[in-house]
Trainee: 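Sharing a structure, written as structure tokens. Questions coming.
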Amino acid sequence: MMSCRCSPSPRAFLPFLYPSFSHSNGLAAAVAVGVAAKRRSSTNHAKSATRLNPTPDDYSMSSFADKAKLTVYAGAGGHGCIAFLKEAYVEEGPANGGDGGHGGNVYIQAVHGETSLHKLSRKSFVRAGRGKHGQGSSRGGPRGDDVVITVPVGTILTELSRQDPEADEAFYQKTRRQQKKAPMTQNARDREREERQAEAEAEANEEEDEADDKDREKWLLYPGVSSSEARRITLPPLPIRERLFTQPRGPLHLDLSRPTPRPILLAAGGIGGLGNPHFVSKERPRPMFATKGEDAMSMQIELELKLLADVGLVGLPNAGKSTLLRSLSNSRARVGSWAFTTLQPNIGTVVLDNNKGRPKVTSFRRQATAANPIDPYGEDDEPETELKLRTSFTIADIPGLIEGAHLDKGLGIEFLRHVERAGVLAFVIDLAAGNAVEALKALWNEVGLYAQMREDEERDRERAARIDWRAEAGTEQEEEALHTDEWWPPTKAMADYIPTPDPTGLHIAAKPWFVVATKGDLPDTQENFKELRSYLDSITDGIEPHPSGVKGAWTDNCTAIPVSAINGHGVDRVVHWTVGLLDG
Ligand SMILES: Nc1nc2c(ncn2[C@@H]2O[C@H](COP(=O)(O)OP(=O)(O)OP(=O)(O)O)[C@@H](O)[C@H]2O)c(=O)[nH]1
Ligand SMILES: [Mg+2]
């Protein structure tokens, strides 16, 4: 049996959270001195294992991945069929080849319940089903199966590149038409030009042949047709057809920060080919050809998950973040008395009234109204919202930051992107591990540098998006397409649009924040706390600048809450304070 290493009374652990005990009670003071003598580090692993002071192997393992790169393939269309009715006494039956089925689509949907991209990160591609070929007796091929990629809420999709045979074809046809028009505008009197025209025509003829060959590739001929017969067959012009679903224009950038009620189309399936009955005419009662199905389009995408928690815990390694998360929620985050115990982010849910003694906190959150549930393309910046009673909030605990994290020291600052979207930041500072003010400044410095880096990246991305590579950009066709295409909002005319950049770092520094001064049970921490609190007061009063140095940052009410997470003391104040900040 394990010996009880717990102090019999909480007083010994709380020299300043409950200062009256340590001063009025001589015994408690003596115990506190004893504890101080035993303490080598600021950690507390000399106590018996409890839920808040677990053994390092008492944690729930979760597979977590926050990035995935995938190639998505839409389904290709099935080929049309060349068939004729065969019946007794009907010698040459009419054409009855069925059409090919359309290819399946690839969709993406953000859902609650998914928490990680780990399943997708193990895949390199996602493929929708291809349309089946048409068959005789006018049997059309069934459509290919659609695929829905489900991702956690908070995923950002960025399109890296795409191969779209239909867009390539449209581009090719367009350049062909332009080349055909060009000779007509030649000046007939200019001999030199005439010569060049002749040359151009010869070239054009060659190209025409090539084009014919290209068009021929899109046809299927009856297998019984010999090659000499095949050459003699005159094929009708290729029918102009549209995909069943309109392919959204690229490059896509979707911020799935809310659940999407319906899947969003990423890659539209190819069109199925036409069976031979479509080409029956007076002159050609038995067409020996059908069209092939369209090749599938493919797209390379990058998925990046930014966890969507209401509160983000930021702290140095070993500060006590995971213990705090455990004390606030049912989380089973790993706790250990060494740096970098936490290697992957943990999310915990704080239930506001769990009927287990936590005082009921009434809080309201804004959420999109049912009438205006989601705008997946981020066009609608200010969706209509309604107030809903908040029953819980979520906290993200991430690996500890060290000084120089922006230089990729420690685990780097990659994980900060998970707290970047949090409504409130809570800086967890170990009162027993050196000067708390210095620790807070160091943390804010790293957060500020990270914010700058992200803003630079974002600006580069926007700049790249401003270059419109499409062939039809700014032309009549584009205008037309914009009006007929209801699904996809018009692309922003970016060339003359220069976004006014936010002051550097402000998107994080503008968030409300507070400090959780933890390990308050350890002795000699009171002075440190006092200094921290007076520093925070002077920030609120405008005497000291914001610790990140960013101008215009949030300094409305900077405070520090002393807690002893390991004993669960003071954590209710953290809940109340957080809710106050979240409600704004
Ligand atoms: N005395 C005391 N010890 C604490 C308290 N909170 C955490 N600890 C101890 O501090 C050590 C580190 O705690 P963790 O919660 O793992 O710290 P962390 O910030 O998550 O660490 P990393 O994940 O490595 O960044 C553990 O040994 C805890 O038992 C506290 O309030 N009082
Ligand atoms: Mg941890």
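Throughout, numbering of the chain's residues begins at 1 and tracks the sequence. Counting convention: from 1, in listed order, for ligands and their atoms alike. Note that these values count all heavy atoms, side chains included, but never hydrogens, waters or copies made by symmetry.
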Trainee: For Thr349 and Ser392, run side chain to side chain donor-acceptor pair (under 3.5 Å): C-alpha distance rounded to whole Å, both residues' side-chain angles, the deciding distance at 0.1 Å, then the answer.
Mentor: CA-CA 7 Å; Thr349 303; Ser392 64; 5.9 Å; no

Trainee: If you draw a sphere of radius 2.8 Å around the Mg ion (ligand 2), how many protein N/O/S atoms end up strictly inside it?
Mentor: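 The number of such protein atoms is 2.
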
Trainee: Does an N or O anywhere in Val335 fall below 3.5 Å from an N or O of ligand 1?
Mentor: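 In this structure, Val335 places no N or O atom under 3.5 Å from an N or O of ligand 1.
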
Trainee: So is Ala565 touching ligand 1 or not, going by heavy atoms under 4.0 Å?
Mentor: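 True for this residue.
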
Trainee: For ligand 1, which atoms sit closer than 4.0 Å to a heavy atom of Phe340?
Mentor: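 Every atom of ligand 1 under 4.0 Å from some heavy atom of Phe340: 24 (O).
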
Trainee: I would like to know whether Gln163 and Ser298 meet side chain to side chain donor-acceptor pair (under 3.5 Å); could you show each step before the answer?
Mentor: CA-CA 5 Å; Gln163 291 76 42; Ser298 62; 2.8 Å; yes

Trainee: Would you say Val350 and Val575 make side-chain contact, with heavy atoms under 4.5 Å?
Mentor: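 Yes, close enough: below the 4.5 Å cut-off.
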
Trainee: Charged N to carboxylate O below 4.0 Å: is that the case for Lys519 and Asp430?
Mentor: yes

Trainee: Please classify the Thr323 to ligand 1 contact at 4.0 Å (heavy-atom distances, strictly less than): side chain, backbone, both or neither.
Mentor: both

Trainee: Please identify which atoms of ligand 1 are closer than 4.0 Å to at least one heavy atom of Leu522.
Mentor: 1 (N)

Trainee: Considering non-hydrogen atoms only, spot the tightest contact between Val147 and Ala128 and give its length.
Mentor: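 Shortest heavy-atom separation between Val147 and Ala128 comes out as CG2-CA, 3.6 Å.
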
Trainee: Show which atoms of ligand 1 fall inside a sub-4.0 Å distance from at least one heavy-atom site of Asn53.
Mentor: 29 (O)

Trainee: Relative to the heavy atoms of Thr518, which atoms of ligand 1 are at a distance of less than 4.0 Å?
Mentor: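 Near Thr518, the atoms of ligand 1 are 31 (O).
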
Trainee: When you look for heavy atoms under 4.0 Å from ligand 1, do you find them on the side chain of Ile566, its backbone, both, or neither?
Mentor: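 Both backbone and side chain of Ile566 come within 4.0 Å of ligand 1.
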
Trainee: Of the side chain and backbone of Asn567, name the one, both, or neither that has a heavy atom under 4.0 Å from an atom of ligand 1.
Mentor: neither

Trainee: Taking only residues two or more places apart in sequence, or in another chain, which ones meet Phe427 in a ring-ring contact (aromatic ring centres under 6.0 Å, His included)?
Mentor: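 Checked Phe427 against ring-ring contact (aromatic ring centres under 6.0 Å, His included); matches are Trp444, Trp513.
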
Trainee: Answer yes or no: is there a side-chain heavy-atom contact under 4.5 Å between Val563 and Arg573?
Mentor: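 Result no, sub-4.5 Å side-chain heavy-atom pair not found.
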
Trainee: For Gly400, take its heavy atoms, then give the atoms of ligand 1 lying under 4.0 Å from any of them.
Mentor: 25 (O)

Trainee: Quick one, Thr150 with Gln109, criterion side chain to side chain donor-acceptor pair (under 3.5 Å). Give me CA distance, side-chain angles, the key distance, then yes/no.
Mentor: CA-CA 5 Å; Thr150 47; Gln109 187 169 23; over 6 Å; no

Trainee: Less than 4.5 Å apart, side chain to side chain, heavy atoms only: is that true for Ile301 and Leu266?
Mentor: yes

Trainee: Which of the numbered atoms in ligand 1 are under 4.0 angstrom from any heavy atom belonging to Ser564?
Mentor: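 Heavy-atom distances to Ser564 below 4.0 Å select 31 (O).
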
Trainee: Closest approach of Phe514 and Val424, non-hydrogen atoms and distance?
Mentor: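 Closest heavy-atom pair between Phe514 and Val424: CE2-CG1, 3.8 Å.
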
Trainee: Between Leu440 and Leu536, is the side-chain contact (heavy atoms from CB on, under 4.5 Å) condition met? List the steps.
Mentor: CA-CA 10 Å; Leu440 179 64; Leu536 292 173; 3.8 Å; yes

Trainee: With heavy atoms of Pro317 as the reference, note each atom of ligand 1 found under 4.0 Å away.
Mentor: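 Those qualifying, in numeric order: 25 (O).
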
Trainee: Would you name the heavy atoms of Thr394 and Ala309 that are closest together and state the gap between them?
Mentor: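 Answer, listing the atom of Thr394 first, then Ala309: OG1-CA, 3.3 Å.
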
